[in-house]
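Notes to accompany the following structure.
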2 protein chains.
Amino acid sequence: MTDSTSHAVVGVVLRVRDGRLEALTAAAELGEGGLEAALARALDVRALAHVEQLETRMAAGRLTTAYLGLVPPGVELDGDWRPVGDLLELPFDTASLVTAACARLRAKLSYTNVGFALAPATFTLSELRQIYVAALGHDVSTTNLQRVLIRRGVLERVEGRRAPGRAGGRPAALYRFASRRLEVTDEFAALRPPR
Amino acid sequence: MTDSTSHAVVGVVLRVRDGRLEALTAAAELGEGGLEAALARALDVRALAHVEQLETRMAAGRLTTAYLGLVPPGVELDGDWRPVGDLLELPFDTASLVTAACARLRAKLSYTNVGFALAPATFTLSELRQIYVAALGHDVSTTNLQRVLIRRGVLERVEGRRAPGRAGGRPAALYRFASRRLEVTDEFAALRPPR
DNA sequence: CCAAAAGTGTTATGCTTACACCCATGT
DNA sequence: ACATGGGTGTAAGCATAACACTTTTGG
């Protein structure tokens, strides 16, 4: 049997800009090429540092498969970017996908290395902190961010320092993500296998 | 535009029986009624204590949306149940969905109350332990299981005790899950919001 | 010399694991 | 009494959070 339902692929792309988490949505109809191919027609996937599927919904006889994409600073992706939290002008189902995307991002920030997809190639800890603050929606201490990510092996020191701004201050060390592909770094909180 | 791709909904159902994790798969073509309706045609969803979507794939021009379902002991669901780990006779893509389902279950057992969907209404801690051991694939200490689940408020004591078997032993207290709907009980391991 | 920003040291807290010990029942 | 399974008490380990303090720069 064959169905004749319209099937859209929606990309929900997130980025951090000016200390705010912003979202962009784009859609294309599913064709012969497959889900990822439709996503590629909807937007320039080369700009995305990370992509993962969110979910597939059916409403009003229309299928929608949503993807989460993340764009690092410095990479341009044109479209109608708008701050998350200002979703009132979006249709309800789109807004709800953006909310789902943000929830997924927040969760993964705490137990994976996804941060790499929102950060530039190299950065200072303050810069990384701003990204985490924007994405998580609550304050994060630079000290603890560093401890956690270093101990897990997520961050690596890199040569050189960032010169301080006008106000002075100690020059900041530069870091990078050890891997730029998604890795689970803190698998299970409880009920770990015995040693 | 309208696509004419065939679209199957596959249910991957898991249960624990005789100390082993078993899987059953069933599929139906997507129709007008929507994804959940197709799932209901594939199998008796009334038997499932929990259902959630896994993912949507497209391979060889064919769409597949997979769901994870969980059945508690004492509820019958007919079909070709087979132990997880004995997937060689299944087509590759089905086997890979079963693997994904198990991974999802294992992960959620550690930070949610999903256990309710694999356990009977009331049970002893030993019985619950056996379920966790089978689902996680590694040993779990009864002591720690109790501590973790009680502190999180996932388990509740219930009136009465289970009489010991032939070999004697102290009668076991009975417990139940405080909620029988999915709840996240251990949100973030790291980077929690400040107090 | 002072302010500002970055980074380290130290302590406290909380959750989990490990393990020893006590409890209740059948034979 | 003793074996068996159930349950609790206690201590240890580990990761995170909090915060004080030191370091390095610009003005």
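Keep in mind the model is a prediction, meaning the values are calculated, not measured. Below, read A as the first sequence line, B as the second, and so on, with proteins coming before strands; counting in each chain starts at 1. Note: hydrogens, waters and symmetry copies are ignored here, and every other heavy atom, side chains too, is used.
Applying the side chain to side chain donor-acceptor pair (under 3.5 Å) test to residues at least two apart or on different chains, the pairs with a partner in residues 91-103 of chain B are B/Arg57-B/Ser96. Each ring pair (Phe, Tyr, Trp, His ring centres under 6.0 Å) pair with one or both residues in residues 150-185 of chain A, not counting sequence neighbours, appears once here: A/Phe123-A/Phe177.
Residues passing the salt bridge (Lys or Arg N to Asp or Glu O under 4.0 Å) test with A/Arg46, sequence neighbours excluded: A/Asp44. Every residue two or more places apart in sequence or in another chain that forms a side-chain contact (heavy atoms from CB on, under 4.5 Å) with B/Arg17 is listed here: B/Arg15, B/Glu22, B/Glu76. B/Asp18 is linked by a salt bridge (Lys or Arg N to Asp or Glu O under 4.0 Å) to nothing, counting only residues two or more places apart in sequence or in another chain. Listed by chain and number, the residues in a salt bridge (Lys or Arg N to Asp or Glu O under 4.0 Å) with A/Arg62 are A/Glu29 (sequence neighbours excluded). The side-chain contact (heavy atoms from CB on, under 4.5 Å) check on B/Glu36 picks up B/Tyr67, with sequence neighbours excluded.
A/Tyr111 belongs to a hydrophobic cluster with A/Val184, counting contacts under 4.5 Å between side-chain heavy atoms of Ile, Leu, Val, Met, Phe, Trp and Tyr, direct or through other members. Side-chain heavy-atom separations under 4.5 angstrom define the hydrophobic clusters, and B/Leu88 shares its cluster with no other residue.
With rounding to whole Å, B/Phe123 atom CZ is found 21 Å from D/dG5 atom P. Rounded to an integer number of Å, the gap from B/Arg129 CZ to D/dG7 P is 13 Å. Remark: P of D/dG5 and CZ of B/Arg162 are 16 Å apart, rounded to the nearest angstrom.
Annotation: of the two residues near DNA chain D, B/Thr124 and B/Ala190, the 5′-most nearest-nucleotide partner is B/Thr124.
Bracketed by its first and final contacts, the part of DNA chain C lying under 4.0 Å from non-hydrogen atoms of chain A reaches from C/dA4 to C/dA18 in 5' to 3' order.
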Strictly under 3.5 Å: I want the nitrogen or oxygen pairs between protein and nucleotides 2-4 of chain D, one per line.
from	atom 1	to	atom 2	distance (Å)
D/dT4	O2	B/Gly169	N	3.1

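B/Ala173 comes within 4.0 angstrom of sugar-phosphate atoms only, judged by non-hydrogen atoms across all strands, and of no base.
Side-chain contact check for A/Leu39 versus A/Leu35: every heavy-atom pair is 4.5 Å or farther apart.
Ion pairing between a basic and an acidic side chain is recognised when a charged N comes within 4.0 Å of a carboxylate O; A/Arg151 and A/Asp186 show no such pairing.
Applying a 4.0 Å cut-off to non-hydrogen atoms, the residues of residues 130-153 of chain A that approach DNA chain C are A/Thr143, A/Gln146, A/Arg147, listed by residue number.
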